Number of protein chains: 2
Amino acid sequence: MAAASAKHDVFQAIADPTRRRLLKLLSNQEMPVTAISEHFPISRTAVSKHLKVLSEAGLVKERKVGRETRYKLEPDPLVELKDWLQYFELFWENKLNALKRFVESDESEVDLSINLSGEDKQRK
Amino acid sequence: MAAASAKHDVFQAIADPTRRRLLKLLSNQEMPVTAISEHFPISRTAVSKHLKVLSEAGLVKERKVGRETRYKLEPDPLVELKDWLQYFELFWENKLNALKRFVESDESEVDLSINLSGEDKQRK
DNA sequence: TCATTACGAAACCATTTGGTTTCATATAAA
DNA sequence: TTTATATGAAACCAAATGGTTTCGTAATGA
């Protein structure tokens with residue numbers, strides 16, 4: 001699945017603060033472009049281009065209704081971000097806790113090579 | 001807290017695929033620049049610039065050892081990403097579950113307007 | 001029918017980005 | 001001391017980015 005969002009990836013799409021605001025705005029409601037752009041200090045055309053980027057990343061879906069195009073959030077591609085982040089969960093906050101979670105959750109697909117004490121983490 | 005990583009934010013820092021690879025590489029080990037750049041098809045100088053961006057976002061820490069500068073991951077700023085993502089958790093995965101959680105938790109501060117059927121809710 | 005509204009495409013522009021090569025400097029090694 | 005190594009700063013460049021204004025077209029409404 002996850003229809004190969006070729007041209008723009010999620011990481012790049014959310015790099016821009018305007019686009020992040022767009023995503024939040026559209027998470028609550030489906031909205032047409034003009035209404036959307038009233039929430040931003042830039043031109044409608046500029047908003048339209050941001051929406052295009054988001055669309056190419058698969059993060060919004062558009063639907064034509066009469067003469068307007070309504071956009072809404074399509075959150076699925078954010079899973080990629082979540083997965084990426086998950087790798088690093090091990091390293092922040094309480095690192096020991098993270099390790100514990102990791103060992104317990106048995107989603108040990110990757111050997112992260114963290115060796116905190118010289119102990120063998122493969123213990124069961 | 002969270003020492004105002006002014007110039008580059010986390011979102012922008014991780015937008016570049018090379019920088020994402022750098023973070024993974026440095027999560028396991030502290031490494032000097034030349035060794036790092038052997039893992040990439042670009043010049044050492046280019047790698048150095050990427051490291052600077054990561055550093056300005058607070059995502060790596062450098063330490064001078066003799067004539068080399070060693071870099072390692074500093075994962076704390078990723079929490080910002082995690083928090084941002086968390087907002088959207090409601091919307092992906094099993095949307096019915098999310099809705100259920102939402103309804104049950106009675107923290108109905110926001111009208112999430114999840115439209116499960118594809119019907120136009122505005123019809124009156 | 002004719003005017004208005006909603007929208008995206010196009011052309012254009014300044015700035016940022018990601019890369020290069022060259023150079024200066026500090027440390028290590030011979 | 002002299003040479004080699006490790007690194008970042010500087011100058012430069014092409015392409016991408018984020019914005020603008022102008023224009024064409026489709027749908028609504030008077």
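On a predicted model such as this, the values are computed, not experimentally measured, just so you know. Order of the sequence lines fixes the chain letters, A, B, ..., with proteins taken first and strands second; residue numbering starts at 1 for each chain. In what follows, every heavy atom counts, from backbone to side chain, and hydrogens, waters and symmetry copies are set aside.
- Interface limits on DNA chain D: the 5'-most and 3'-most nucleotides within less than 4.0 Å of chain B heavy atoms are D/dA4 to D/dA10.
- Listed by residue number, A/P32, A/V33, A/T34, A/R44, A/T45 are the residues of residues 32-45 of chain A with a heavy-atom contact under 4.0 Å to DNA chain C.
- Listed by chain and number, the residues in a side-chain contact (heavy atoms from CB on, under 4.5 Å) with A/K49 amount to none (sequence neighbours excluded).
- Contact check for A/L22 versus A/L59: no side-chain heavy atoms found under the 4.5 Å cut-off.
- Atom CZ in B/R70 sits about 16 Å away from atom C1' in C/dA26, given to the nearest Å.
- Listed by first and then second residue, the ring-ring contact (aromatic ring centres under 6.0 Å, His included) pairs involving residues 55-84 of chain A are A/F11-A/W84, A/W84-A/F88 (not counting sequence neighbours).
- Mapping A/S48 and B/G66 onto DNA chain C via the closest heavy atom, the residue that lands nearer the 5' end is A/S48.
- Every residue was checked against the side-chain hydrogen bond (donor to acceptor under 3.5 Å, both in side chains) condition with B/S48, not counting sequence neighbours, and none meets it.
- Residues that satisfy the salt bridge (Lys or Arg N to Asp or Glu O under 4.0 Å) test with B/R19, not counting sequence neighbours, are absent from this structure.
- Straight-line distance from the NZ atom of B/K49 to the P atom of C/dT17: 11 Å, rounded to whole Å.
- Between A/R67 and A/V47, the residue whose closest nucleotide on DNA chain D is further toward the 5' end is A/V47.
- Of the residues in residues 15-24 of chain B, those placing a heavy atom less than 4.0 Å from an atom of DNA chain C are B/D16, B/R19, in numerical order.
- Applying the side-chain hydrogen bond (donor to acceptor under 3.5 Å, both in side chains) criterion to B/E30, with sequence neighbours excluded, gives B/R63.
- For B/H50, a side-chain nitrogen or oxygen approaches OP1 or OP2 of C/dG19 to under 4.0 Å.
- Side-chain atoms of B/L25 and B/Q29, non-hydrogen and from C-beta on, do get closer than 4.5 Å to each other.
- Put simply, the side chain of B/R70 never gets that close to the backbone of B/P32: no donor and acceptor are under 3.5 Å apart.
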Show me the donor-acceptor pairs within less than 3.5 Å that the side chains of residues 34-46 of chain A make with the rest of the protein, sequence neighbours left out.
{"residue": "A/S37", "atom": "OG", "partner": "A/V33", "partner atom": "O", "Å": "3.4"}
{"residue": "A/S37", "atom": "OG", "partner": "A/T34", "partner atom": "O", "Å": "2.9"}
{"residue": "A/S43", "atom": "OG", "partner": "A/A46", "partner atom": "N", "Å": "3.0"}

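- Residues A/T69 and A/K64 are in side-chain contact: their nearest non-hydrogen atoms beyond the backbone lie under 4.5 Å apart.
- What separates CG of B/L51 from C1' of C/dT17 is a distance of 16 Å, to the nearest Å.
- Residues satisfying the salt bridge (Lys or Arg N to Asp or Glu O under 4.0 Å) test with B/E62, not counting sequence neighbours, are none.
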